[in-house]
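Chain A is the first sequence line, chain B the second, and so forth, proteins listed ahead of strands; every chain is numbered from 1. Remember, it's a predicted structure, so these values are computed and weren't measured experimentally.
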Amino acid sequence: NAGVMQNPRHLVRRRGQEARLRCSPMKGHSHVYWYRQLPEEGLKFMVYLQKENIIDESGMPKERFSAEFPKEGPSILRIQQVVRGDSAAYFCASSPTMGQGETQYFGPGTRLLVL
Amino acid sequence: GESVGLHLPTLSVQEGDNSIINCAYSNSASDYFIWYKQESGKGPQFIIDIRSNMDKRQGQRVTVLLNKTVKHLSLQIAATQPGDSAVYFCAEPGSSNTGKLIFGQGTTLQVKP
(Lines give C-alpha, C1' and ligand atoms only; values in the text may rest on other atoms or scores of the structure.)
Protein backbone atom coordinates (compact mmCIF):
# COMPACT_ATOMS: atom_id res chain seq x y z
CA ASN A 1 0.00 0.00 0.00
CA ALA A 2 2.27 2.74 -1.30
CA GLY A 3 2.04 6.15 0.26
CA VAL A 4 2.49 9.48 -1.47
CA MET A 5 5.45 9.36 -3.81
CA GLN A 6 7.55 12.26 -4.89
CA ASN A 7 10.44 12.48 -7.29
CA PRO A 8 13.08 13.43 -7.56
CA ARG A 9 14.02 13.45 -3.89
CA HIS A 10 16.81 15.90 -4.54
CA LEU A 11 17.12 18.33 -7.42
CA VAL A 12 19.94 20.73 -8.17
CA ARG A 13 19.41 23.51 -10.67
CA ARG A 14 21.35 26.55 -11.76
CA ARG A 15 19.72 29.95 -11.74
CA GLY A 16 17.51 30.39 -14.79
CA GLN A 17 16.82 26.70 -15.32
CA GLU A 18 13.48 24.98 -14.92
CA ALA A 19 12.55 22.62 -12.10
CA ARG A 20 9.84 19.96 -12.40
CA LEU A 21 8.66 18.22 -9.27
CA ARG A 22 6.38 15.19 -9.45
CA CYS A 23 3.87 13.83 -7.00
CA SER A 24 1.85 10.63 -7.17
CA PRO A 25 -0.92 10.61 -4.55
CA MET A 26 -1.92 7.63 -2.50
CA LYS A 27 -4.05 5.09 -4.30
CA GLY A 28 -7.65 6.22 -4.32
CA HIS A 29 -6.79 9.84 -3.53
CA SER A 30 -7.79 12.46 -6.07
CA HIS A 31 -6.90 15.58 -4.09
CA VAL A 32 -3.35 16.92 -4.07
CA TYR A 33 -1.83 19.75 -2.06
CA TRP A 34 1.62 21.29 -2.53
CA TYR A 35 3.51 22.96 0.31
CA ARG A 36 6.89 24.64 0.51
CA GLN A 37 9.17 24.50 3.52
CA LEU A 38 12.06 26.90 3.92
CA PRO A 39 14.89 25.91 6.30
CA GLU A 40 13.92 26.13 9.96
CA GLU A 41 10.33 27.02 9.10
CA GLY A 42 6.94 25.42 8.92
CA LEU A 43 5.21 24.36 5.75
CA LYS A 44 3.45 26.99 3.67
CA PHE A 45 0.51 26.08 1.45
CA MET A 46 1.00 26.69 -2.27
CA VAL A 47 -1.76 25.07 -4.33
CA TYR A 48 -4.59 22.56 -4.14
CA LEU A 49 -5.61 20.51 -7.14
CA GLN A 50 -8.08 17.85 -8.08
CA LYS A 51 -7.82 15.85 -11.25
CA GLU A 52 -7.58 18.35 -14.14
CA ASN A 53 -8.60 21.28 -11.93
CA ILE A 54 -6.82 23.87 -9.83
CA ILE A 55 -9.08 24.53 -6.85
CA ASP A 56 -7.02 26.92 -4.75
CA GLU A 57 -3.77 28.54 -5.83
CA SER A 58 -3.78 31.32 -3.27
CA GLY A 59 -0.32 30.35 -2.02
CA MET A 60 1.38 30.23 -5.39
CA PRO A 61 3.79 33.00 -6.36
CA LYS A 62 2.31 35.04 -9.18
CA GLU A 63 5.13 34.38 -11.59
CA ARG A 64 7.27 31.42 -12.63
CA PHE A 65 5.28 28.82 -10.65
CA SER A 66 2.61 26.57 -12.09
CA ALA A 67 0.97 23.30 -11.16
CA GLU A 68 -1.12 20.68 -12.86
CA PHE A 69 -2.77 17.39 -12.05
CA PRO A 70 -3.68 15.70 -15.32
CA LYS A 71 -6.26 13.00 -15.74
CA GLU A 72 -3.48 10.47 -16.12
CA GLY A 73 -0.15 10.66 -14.38
CA PRO A 74 1.32 12.51 -11.44
CA SER A 75 0.80 16.06 -10.32
CA ILE A 76 3.56 18.38 -11.49
CA LEU A 77 4.85 21.52 -9.79
CA ARG A 78 6.84 23.52 -12.29
CA ILE A 79 9.19 26.36 -11.47
CA GLN A 80 10.55 28.31 -14.37
CA GLN A 81 13.72 30.40 -14.32
CA VAL A 82 14.62 29.33 -10.81
CA VAL A 83 16.32 31.74 -8.41
CA ARG A 84 18.27 31.03 -5.24
CA GLY A 85 15.26 31.94 -3.14
CA ASP A 86 13.41 28.95 -4.59
CA SER A 87 15.73 26.61 -2.70
CA ALA A 88 13.48 24.76 -0.30
CA ALA A 89 11.81 21.45 0.39
CA TYR A 90 8.60 20.97 -1.56
CA PHE A 91 6.07 18.57 -0.14
CA CYS A 92 3.03 17.07 -1.71
CA ALA A 93 0.10 15.74 0.28
CA SER A 94 -2.98 13.87 -0.79
CA SER A 95 -6.40 13.17 0.64
CA PRO A 96 -9.33 11.05 -0.52
CA THR A 97 -11.83 13.89 -0.49
CA MET A 98 -11.85 17.62 -0.02
CA GLY A 99 -12.38 19.76 2.96
CA GLN A 100 -11.69 20.31 6.58
CA GLY A 101 -11.30 17.20 8.62
CA GLU A 102 -9.75 15.15 5.86
CA THR A 103 -6.34 13.89 6.87
CA GLN A 104 -3.62 14.85 4.45
CA TYR A 105 -0.84 12.33 3.94
CA PHE A 106 2.51 13.72 2.98
CA GLY A 107 5.20 12.48 0.66
CA PRO A 108 8.92 12.51 1.47
CA GLY A 109 9.45 15.80 -0.33
CA THR A 110 11.73 17.11 -3.05
CA ARG A 111 14.66 19.17 -1.87
CA LEU A 112 15.47 21.78 -4.46
CA LEU A 113 18.83 23.49 -4.40
CA VAL A 114 19.42 26.39 -6.75
CA LEU A 115 23.07 27.23 -7.35
CA GLY B 1 -4.42 37.30 9.33
CA GLU B 2 -4.53 33.73 10.50
CA SER B 3 -1.58 32.25 12.23
CA VAL B 4 -0.61 29.22 14.14
CA GLY B 5 2.26 29.51 16.53
CA LEU B 6 4.21 27.36 18.90
CA HIS B 7 5.44 28.56 22.25
CA LEU B 8 8.95 27.07 22.24
CA PRO B 9 11.29 26.34 19.34
CA THR B 10 13.16 23.53 21.13
CA LEU B 11 12.19 21.17 23.92
CA SER B 12 14.74 18.88 25.51
CA VAL B 13 13.53 16.00 27.68
CA GLN B 14 15.01 12.96 29.35
CA GLU B 15 14.13 9.58 27.92
CA GLY B 16 11.18 8.18 29.80
CA ASP B 17 9.81 11.56 30.85
CA ASN B 18 6.61 13.04 29.49
CA SER B 19 6.77 15.78 26.86
CA ILE B 20 4.34 18.62 26.36
CA ILE B 21 4.41 20.66 23.18
CA ASN B 22 2.21 23.74 22.98
CA CYS B 23 0.54 25.59 20.16
CA ALA B 24 -1.55 28.75 19.96
CA TYR B 25 -3.91 29.59 17.13
CA SER B 26 -5.60 32.84 16.20
CA ASN B 27 -8.73 31.83 14.29
CA SER B 28 -11.51 31.28 16.80
CA ALA B 29 -13.63 29.71 14.06
CA SER B 30 -11.16 26.85 13.53
CA ASP B 31 -12.82 23.54 14.21
CA TYR B 32 -10.16 20.99 13.35
CA PHE B 33 -6.56 20.66 14.47
CA ILE B 34 -3.81 18.25 13.58
CA TRP B 35 -0.40 17.38 14.95
CA TYR B 36 2.32 16.25 12.59
CA LYS B 37 5.77 14.82 13.33
CA GLN B 38 8.61 15.48 10.94
CA GLU B 39 11.84 13.56 11.24
CA SER B 40 14.97 14.85 9.61
CA GLY B 41 14.87 14.49 5.85
CA LYS B 42 11.31 13.19 5.78
CA GLY B 43 7.83 14.48 5.16
CA PRO B 44 5.37 15.31 7.94
CA GLN B 45 3.71 12.28 9.47
CA PHE B 46 0.19 12.48 10.88
CA ILE B 47 0.10 11.85 14.63
CA ILE B 48 -3.33 12.77 15.92
CA ASP B 49 -6.15 15.19 15.28
CA ILE B 50 -8.98 16.72 17.26
CA ARG B 51 -12.20 18.50 16.40
CA SER B 52 -13.45 21.55 18.22
CA ASN B 53 -16.36 19.69 19.80
CA MET B 54 -13.81 17.79 21.89
CA ASP B 55 -11.31 18.99 24.47
CA LYS B 56 -9.21 15.87 24.69
CA ARG B 57 -8.29 12.96 22.48
CA GLN B 58 -5.93 10.11 23.18
CA GLY B 59 -3.87 7.94 20.93
CA GLN B 60 -1.05 5.55 21.53
CA ARG B 61 1.24 7.36 24.01
CA VAL B 62 -0.05 10.72 22.75
CA THR B 63 -2.81 12.98 23.99
CA VAL B 64 -4.01 16.19 22.42
CA LEU B 65 -5.72 18.81 24.54
CA LEU B 66 -7.75 21.67 23.12
CA ASN B 67 -8.65 24.80 25.07
CA LYS B 68 -10.91 26.87 22.87
CA THR B 69 -11.29 29.61 25.46
CA VAL B 70 -7.65 30.63 25.16
CA LYS B 71 -7.16 29.15 21.67
CA HIS B 72 -4.48 26.79 22.83
CA LEU B 73 -3.57 23.29 21.74
CA SER B 74 -1.08 20.90 23.29
CA LEU B 75 0.44 17.56 22.44
CA GLN B 76 1.48 15.32 25.29
CA ILE B 77 3.81 12.40 24.68
CA ALA B 78 4.05 9.85 27.45
CA ALA B 79 7.29 8.03 28.25
CA THR B 80 9.25 9.86 25.58
CA GLN B 81 11.58 7.66 23.56
CA PRO B 82 14.61 8.48 21.39
CA GLY B 83 12.47 7.74 18.33
CA ASP B 84 10.24 10.63 19.29
CA SER B 85 13.03 13.08 18.48
CA ALA B 86 11.67 15.19 15.62
CA VAL B 87 10.07 18.51 14.81
CA TYR B 88 6.40 18.69 15.78
CA PHE B 89 3.94 20.93 13.96
CA CYS B 90 0.42 21.87 14.80
CA ALA B 91 -1.80 22.70 11.84
CA GLU B 92 -5.32 23.83 11.17
CA PRO B 93 -7.41 24.51 8.07
CA GLY B 94 -8.03 28.15 8.89
CA SER B 95 -10.99 29.84 7.28
CA SER B 96 -10.69 27.95 4.02
CA ASN B 97 -13.15 25.21 3.24
CA THR B 98 -10.78 23.57 0.80
CA GLY B 99 -8.81 21.89 3.54
CA LYS B 100 -5.48 23.64 2.96
CA LEU B 101 -3.50 23.58 6.16
CA ILE B 102 -1.85 26.41 8.05
CA PHE B 103 1.22 25.14 9.89
CA GLY B 104 2.96 26.53 12.92
CA GLN B 105 6.71 27.05 12.96
CA GLY B 106 7.44 23.78 14.71
CA THR B 107 8.97 22.66 17.99
CA THR B 108 12.08 20.52 17.93
CA LEU B 109 11.90 17.74 20.49
CA GLN B 110 15.26 16.42 21.64
CA VAL B 111 15.27 13.26 23.74
CA LYS B 112 18.31 12.76 25.92
CA PRO B 113 19.27 9.15 26.69
Side-chain angles (χ1 to χ4, degrees), chain A residues 2-10 21 23-26 29-50 53-60 67 88-111 113, chain B residues 1-10 21 23-27 29-54 57 59 64 66 73 86-108:
Chain A
V4 178
M5 299 176 68
Q6 290 187 249
N7 69 81
R9 295 291 306 276
H10 298 274
L21 288 61
C23 169
S24 296
M26 287 181 70
H29 289 193
S30 58
H31 300 255
V32 166
Y33 301 79
W34 284 94
Y35 295 83
R36 176 164 62 177
Q37 185 177 34
L38 295 172
E40 310 299 322
E41 293 191 9
L43 283 75
K44 296 287 193 295
F45 168 80
M46 298 182 74
V47 62
Y48 162 48
L49 311 103
Q50 294 180 32
N53 289 301
I54 296 174
I55 307 302
D56 182 348
E57 55 182 348
S58 58
M60 287 280 268
Y90 293 82
F91 292 96
C92 163
S94 73
S95 65
T97 59
M98 180 191 82
Q100 297 192 19
E102 282 298 333
T103 301
Q104 293 180 24
Y105 297 90
F106 283 81
T110 293
R111 280 144 187 88
L113 175 63
Chain B
E2 297 167 333
S3 66
V4 181
L6 289 157
H7 290 299
L8 290 174
T10 303
I21 300 171
C23 183
Y25 61 94
S26 61
N27 184 5
S30 295
D31 60 3
Y32 178 62
F33 304 89
I34 316 103
W35 282 100
Y36 282 93
K37 171 187 179 183
Q38 186 178 25
E39 296 175 274
S40 181
K42 297 184 178 179
Q45 176 188 0
F46 172 85
I47 302 173
I48 192 168
D49 58 5
I50 189 168
R51 298 187 185 276
S52 60
N53 61 352
M54 304 171 69
R57 190 171 187 211
V64 55
L66 175 62
L73 189 69
V87 180
Y88 290 81
F89 294 97
C90 59
E92 50 110 359
S95 58
S96 165
N97 62 359
T98 62
K100 70 180 184 185
L101 294 176
I102 300 171
F103 282 79
Q105 291 299 306
T107 291
T108 300

Measure up the B:Phe103 and B:Phe89 rings against each other and bin them: parallel (under 30°), tilted (30 to 60°), perpendicular (over 60°).
perpendicular
Does any heavy atom of chain A fall under 4.5 Å from the side chain of [X], the backbone, both, or neither of them?
| X | answer |
| --- | --- |
| B:Gln45 | neither |
| B:Ile34 | neither |
| B:Phe33 | neither |

Using side-chain heavy atoms (C-beta onward) and a distance below 4.5 Å, is B:Tyr25 in contact with B:Cys90?
no
A:Ser24 (side chain) donor-acceptor with A:Met5 (main chain) under 3.5 angstrom
no
Given that the side chain runs from C-beta out, which part of A:Gln6 has a heavy atom under 4.5 Å from chain B: side chain, backbone, both or neither?
neither
When you check the side-chain N and O atoms of A:Gln104 and A:Tyr48, is any donor under 3.5 Å from an acceptor?
no
